[in-house]
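I have placed the structure first, in the form of structure tokens, so that the comments after it can refer back to it.
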Amino acid sequence: MDYLLANTPLESLETECLIVAVFNNQKLSPAAQKLDSLTGGIISNILQRGDIKGKVADTLLLNYLPHAAFKRALLVGFGDADNLTAKAYRKALSAAAKSLKSSHSSSAVCCFVENKVIGQDTTWKARQIIEAFDAPFYQFNDCKSKANDKPALSSLSVHGLTDTDAIQSGINQGSAIAQGVTLARHVSDLPGNICTPTYLAERALKIASQYANLSAEILEEADMQKLGMGSFLSVSRGSRQPAKLITLEYNGANKDTQPIVFVGKGLTFDAGGISLKPGAGMDEMKYDMCGSAAVLGALQAAAQLQLPLNIVGIIPSSENMPDGDANKPGDIVTSMAGLTIEILNTDAEGRLILCDALTYAKKFNPDVVIDMATLTGACLVALGRVPSGLLGNDDTLCNDLSAASETALDSVWRLPLWDEYQDQLKSNFADIANIGGRDAGTITAACFLSRFTKDFQWAHLDIAGTAWKTGDAKGATGRPVPLLVQYLLDRANAA
Ligand code: BES
Ligand code: MN
Ligand code: ZN
């Protein structure tokens with residue numbers, strides 16, 4: 001899809017679908033007024049008939065207009081013109097995008113930057129348009145013998161006559177984020193028999209080859225053995241697929257600037273191991289690599305935007321399978337950090353691979369480390385599928401991530417990481433146990449990780465409820481790519 005700026009007045013513009021805003025009480029946006037006068041009052045007539053009220057996310061597609069340059073018009077409600085929140089703006093954009101998809105237009109011009117949105121600037125408004133309009137056009141076709149019909153839309157233009165530099169940078173940011181989200185959704189939706197650790201490693205190398213200042217390095221099991229990653233390797237021992245430790249390095253700042261390090265859980269299939277999961281819904285455990293997918297998407301977006309930062313992405317990737325050589329409950333392994341771990345449940349494998357990756361992160365002398373993982377079913381119990389769980393050992397970092405999540409409309413909610421919870425990880429036979437019992441499962445999982453992150457500022461995102469959708473709309477969401485890229489943009493602005 002091409003995302004363009006349209007900075008010509010509406011009377012000299014041509015498009016298959018002109019998308020304009022309407023508000024409560026039959027109020028027309030400036031673009032809608034212009035369309036109204038170009039069409040001899042059709043728009044105000046339709047509003048007076050009551051066919052569209054103007055409530056947030058109302059849409060009405062006009063398939064024919066007596067105006068040759070616009071084949072169609074899409075009217076979209078934004079509620080109260082002077083009281084439009086960021087969330088409501090995004091909600092209306094998403095409704096508009098869905099309606100545009102069903103219209104079969106091959107080009108469209110969107111006139112929403114002129115809307116006032118509380119607390120947001122032109123760049124943000126343009127960027128949200130791109131992100132919201134890109135999302136419904138994503139399709140996973142790799143594994144269908146007959147591909148779905150391709151959506152007709154090939155270009156979307158953001159209309160604006162003033163502030164066009166700000167609009168253009170919003171378009172650039174939006175398309176980098178949208179492409180990062182699409183990449184994350186695609187690798188996540190791939191089945192476990194295709195998206196193996198080896199596949200993820202090859203994909204990382206391919207992404208890196210597209211940018212001069214992005215590089216990838218793959219460590220094999222023998223390399224990890226030398227590093228002493230006994231915890232990570234214990235998980236992959238139960239799988240016939242070799243584990244990979246993937247590192248992506250993006251250099252956009254000078255050499256001695258400390259990097260922002262992302263670590264993403266890359267379990268390409270989590271059967272639970274000997275502590276086997278129940279069968280129902282187990283297919284969704286192909287999504288246990290969504291953290292790693294987000295790392296790939298965020299690094300690609302950073303490289304595309306050539307952000308003036310240094311960023312490292314670390315992806316420990318493995319399967320978790322039952323096997324004669326797999327971890328058994330009661331086994332004790334030694335992590336790279338030297339801590340011994342009693343594996344009381346082999347299904348708590350994410351923390352076992354992440355702990356060694358977090359120890360490995362130290363070698364990059366990180367400014368901050370942010371890990372993201374589909375880590376606990378308990379996160380769904382606590383927070384549902386709305387925000388990602390946020391925990392960490394540094395208030396500034398956690399606050400920065402919370403602020404970025406609000407701007408990006410990719411929500412997070414912080415949970416406490418108090419010392420009182422650490423007791424739940426006591427083991428009679430090793431330094432720590434890999435599970436903390438039924439209570440506060442998301443917190444005790446983060447407590448486990450916190451034992452390996454004492455030397456740097458660290459935050460953890462539990463994306464078990466947000467990385468994919470279940471049910472009829474089953475599919476990856478690409479979260480938390482928008483949050484990560486927003487955090488990077490904020491850091492780049494502050495630098
Ligand atoms: N990948 C799962 C977490 C998960 C489960 C994410 C369901 C999304 C939906 C993780 O490896 C896991 O199995 N966690 C266990 C931990 C438990 C054994 C302490 C869980 O959540 O049940
Ligand atoms: Mn598991
Ligand atoms: Zn898992």
Side-chain angles (χ1 to χ4, degrees), residues 188 192 195 197 200 231-232 234-236 238-239 241 243 263-294 315-323 326-331 341-357 371-389 391 415 421 424-427 432-449 460-471 474-477 479-480:
S188 301
C195 182
L200 276 183
S231 183
F232 181 3
S234 78
V235 175
S236 85
S239 156
Q241 293 293 335
V263 179
K265 175 178 174 184
L267 247 296
T268 59
F269 191 75
D270 178 14
I274 297 298
S275 313
L276 192 64
K277 286 186 180 295
M282 209 209 268
D283 64 290
E284 294 188 10
M285 282 298 111
K286 72 173 181 178
Y287 289 121
D288 213 14
M289 39 58 69
C290 286
S292 67
I315 296 172
S317 183
S318 169
E319 285 183 338
N320 185 28
M321 300 288 275
D323 178 88
N327 277 327
K328 302 174 292 299
D331 282 2
I341 302 162
E342 185 183 16
I343 300 172
L344 290 172
N345 188 321
T346 68
D347 198 10
E349 84 299 334
R351 60 199 81 179
L352 295 176
I353 73 166
L354 286 167
C355 69
D356 282 342
D371 81 73
M372 54 232 72
T374 47
L375 203 62
T376 64
C379 197
L380 275 133
V381 178
L383 298 172
R385 296 179 189 272
V386 180
S388 303
L391 303 101
L415 298 173
Y421 293 102
Q424 287 178 238
L425 293 176
K426 276 193 178 139
S427 160
I432 41 171
N434 81 325
I435 55 170
R438 248 173 52 92
D439 296 350
T442 302
I443 296 173
T444 55
C447 283
F448 181 95
L449 299 178
H460 161 64
L461 295 165
D462 194 326
I463 58 171
T466 55
W468 76 91
K469 287 185 180 148
T470 187
K474 193 189 287 181
T477 61
R479 290 177 67 182

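Numbers for residues simply follow the sequence, beginning at 1. Reckoned from all heavy atoms, side chains included, excluding hydrogens, waters and symmetry mates. Numbering of ligands and ligand atoms starts at 1, following listing order.
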What is the nearest protein non-hydrogen atom to atom 19 (C) of ligand 1, stated with its residue, atom name and distance? Ile435 CG2, 3.5 Å
Of the protein's non-hydrogen atoms, which lies at the shortest distance from atom 18 (C) of ligand 1, and what is that distance? Asn345 ND2, 3.4 Å
Using only N, O or S atoms, tell me which atom of Asp270 is closest to the Mn ion (ligand 2). OD2
Verify the distance criterion only: is there a donor paired with an acceptor across the side chains of Asn345 and Ser275 at less than 3.5 Å? yes
Roughly how far, to the nearest 0.5 Å, is CG of Leu449 from OG1 of Thr444? 10.0 Å
Protein residue, atom and distance nearest to atom 12 (C) of ligand 1, heavy-atom basis: Asp347 O, 3.2 Å
Please list the nearest protein heavy atom to atom 8 (C) of ligand 1 with its residue and the distance rounded to 0.1 Å. Trp468 CH2, 3.4 Å
Quick one about Thr470 and Glu284 (side-chain donor to acceptor, distance below 3.5 Å, no hydrogens or angles considered), yes or no? yes
Compare all side-chain heavy atoms of Met282 with those of Leu276 and state whether any distance is below 4.5 angstrom. yes
Rounded to 10 degrees, the angle OD1 of Asp347 makes with OE1 of Glu349 at the Mn ion (ligand 2): 120°
Any side-chain heavy-atom pair of Phe448 and Leu352 under 4.5 Å: yes
Would you call Asp371 and Lys265 a salt bridge, using N to O less than 4.0 angstrom? no
Nearest protein heavy atom to atom 7 (C) of ligand 1, by residue and atom, and its distance? Met285 CE, 3.6 Å
Measure from the Zn ion (ligand 3) to each N, O or S atom of Ala373 and report whether any distance is below 2.8 Å. no
Could you tell me if any non-hydrogen atom of Glu284 lies under 4.0 Å from any atom of ligand 1? no
Nearest non-hydrogen protein atom, atom 2 (C) of ligand 1: Asp270 OD2, 3.5 Å
Find, among atoms of Asp288 that are N, O or S, the one nearest to the Zn ion (ligand 3), and state its name. OD2
What closest approach, in Å, do Pro316 and Ala357 show between heavy atoms, and which atom pair accounts for it? CG-CB, 3.6 Å
Going by the 4.0 angstrom heavy-atom rule, the piece of Phe269 near ligand 1 is neither
Side chain to side chain, Met285 and Asn320, heavy atoms closer than 4.5 Å: no
Among all protein non-hydrogen atoms, which one is nearest to atom 21 (O) of ligand 1, and what is the separation to 0.1 Å? Gly377 N, 2.7 Å
Take Thr376 and Asp462, measure what side-chain hydrogen bond (donor to acceptor under 3.5 Å, both in side chains) needs, and give me the verdict at the end. CA-CA 7 Å; Thr376 64; Asp462 194 326; 2.7 Å; yes
Side chain, backbone, both or neither: Met289 near ligand 1, heavy atoms under 4.0 Å: neither
I need the OD2(Asp270)-the Zn ion (ligand 3)-OE2(Glu349) angle, rounded to 10 degrees. 90°
Note: ligand 1 atoms sitting under 4.0 Å from heavy atoms of Thr374 are 1 (N), 2 (C), 3 (C), 6 (C)
What are the two closest heavy atoms between Ile353 and Gly266, and how far apart are they? CD1-N, 4.3 Å
Looking only at protein heavy atoms, identify the closest one to atom 10 (C) of ligand 1 and say how far it is in Å. Leu375 O, 3.3 Å
